[in-house]
Amino acid sequence: VLGLGVYTMSYAEGLSYLSNDPNACMNCHIMRDQFESWNRSSHKAVAGCNDCHTPHHNVVAKYTVKAINGFNHSVRFTFGNFHEPLRITDLNKGVAQENCVGCHTTTVSQMHVSAEGEEVDCIKCHVNVGHRTIE
């Protein structure tokens, strides 16, 4: 079991997921479209995958989200149980929303909460900023 685990971690380039290198996301072929669209996006010069898709408030939260996503991706991709095109989960949508507001605080401080007191969903209007979407 230990040998199989080490082989799998090595084959899947598991340690690369601990980095902030956007190329690590392309270890899985299904992420190629997302990587390529980010590579052509307005955010490429200022934000990598982790800047939008992992929490910034502490390292434990960051690696917890990375672990949850890694586990879910491994299971879904191994068993072929994933939606194409990929869809963002509620957890990851919340993380991305928090990061949008965090990076763009000065721009959105007066508008990220609606008149009804609800937080405005950045991704709803800016869905193609980090990646182009395929419907």
Side-chain angles (χ1 to χ4, degrees):
V1 172
L2 180 61
L4 183 59
V6 169
Y7 172 77
T8 301
M9 190 71 157
S10 174
Y11 180 77
E13 300 181 50
L15 292 179
S16 69
Y17 293 106
L18 299 176
S19 76
N20 281 323
D21 182 1
N23 287 300
C25 296
M26 279 211 325
N27 289 348
C28 183
H29 72 276
I30 194 78
M31 298 302 288
R32 182 170 300 281
D33 286 344
Q34 284 72 21
F35 178 85
E36 292 299 332
S37 64
W38 163 81
N39 204 25
R40 293 185 304 274
S41 78
S42 61
H43 276 66
K44 179 186 178 186
V46 295
C49 305
N50 287 323
D51 294 316
C52 298
H53 294 288
T54 62
H56 298 173
H57 58 278
N58 73 51
V59 71
V60 174
K62 175 181 180 172
Y63 285 101
T64 299
V65 167
K66 286 182 86 140
I68 290 167
N69 287 334
F71 177 78
N72 289 336
H73 292 168
S74 295
V75 169
R76 289 197 174 118
F77 297 147
T78 297
F79 294 105
N81 184 21
F82 58 91
H83 189 279
E84 282 195 82
L86 295 177
R87 301 275 189 237
I88 193 167
T89 65
D90 289 338
L91 169 69
N92 290 304
K93 192 172 186 178
V95 169
Q97 172 71 18
E98 183 177 312
N99 291 334
C100 290
V101 172
C103 287
H104 298 284
T105 298
T106 56
T107 305
V108 302
S109 64
Q110 300 297 312
M111 64 181 157
H112 83 275
V113 177
S114 72
E116 293 80 28
E118 294 182 21
E119 188 170 34
V120 175
D121 180 4
C122 299
I123 298 169
K124 186 174 183 179
C125 295
H126 300 281
V127 69
N128 288 317
V129 169
H131 305 278
R132 69 171 171 33
T133 56
I134 304 166
E135 292 296 329

Report task. Compare every heavy atom of V129 with every heavy atom of S41, then report the nearest pair and how far apart it is. Result -> CB-O, 3.3 Å
Report summary line: Under a side-chain separation threshold of 4.5 Å, the hydrophobic residues clustered together with V6 are L2
Requested in this report: List for me each residue that meets salt bridge (charged side-chain N to carboxylate O under 4.0 Å, His left out) alongside D21, sequence neighbours excluded, and say none if there are none.
Outcome: none
Query - Residues in side-chain contact (heavy atoms from CB on, under 4.5 Å) contact with A67, at least two apart in sequence or another chain - result: none
Query raised in the report: C122: what forms a side-chain contact (heavy atoms from CB on, under 4.5 Å) with it, not counting sequence neighbours?
Result: Q97, C100, V101
Query raised in the report: OG1 of T64 to CG of L91: how many Å apart, nearest 0.5 Å?
Result: 10.0 Å
Requested in this report: List the atom of N50, the atom of T54, and the distance in Å for their closest heavy-atom pair.
Outcome: O-OG1, 2.7 Å
Query - Residues which pass side-chain hydrogen bond (donor to acceptor under 3.5 Å, both in side chains) with N72, listed by chain and number, not counting sequence neighbours - result: none
Report summary line: The side-chain hydrogen bond (donor to acceptor under 3.5 Å, both in side chains) partners of T89 (sequence neighbours excluded) come to N92
Requested in this report: Supply the members, apart from I88, of the Ile/Leu/Val/Met/Phe/Trp/Tyr cluster built from side-chain contacts under 4.5 Å; use none for a lone residue.
Outcome: none
Query raised in the report: With no hydrogens and no angle check, is any side-chain donor or acceptor of H56 less than 3.5 Å from a backbone partner on D51?
Result: yes
Query raised in the report: What pair of heavy atoms forms the shortest contact from S37 to Q34, and how long is it?
Result: OG-O, 3.1 Å
Requested in this report: Name all residues meeting the side-chain contact (heavy atoms from CB on, under 4.5 Å) criterion together with C49; count only those two or more places apart in sequence or in a different chain, and write none if there are none.
Outcome: P22, C25
Query raised in the report: Can you list the residues that meet the side-chain contact (heavy atoms from CB on, under 4.5 Å) rule with N81, with sequence neighbours excluded?
Result: none
Query raised in the report: Hey, any chance F71 and F79 share a hydrophobic cluster, counting ILVMFWY side chains that come within less than 4.5 Å of each other, even indirectly?
Result: yes
**Report entry** Residues that K66 engages under salt bridge (charged side-chain N to carboxylate O under 4.0 Å, His left out), provided they are two or more places apart
**Finding:** none
Query raised in the report: If you look only at pairs with a residue in residues 88-108, which of them pass as a salt bridge (charged side-chain N to carboxylate O under 4.0 Å, His left out), with sequence neighbours excluded?
Result: K93-D121
Requested in this report: For F77, check ring pair (Phe, Tyr, Trp, His ring centres under 6.0 Å) against everything at least two apart and list the hits.
Outcome: H73, F82
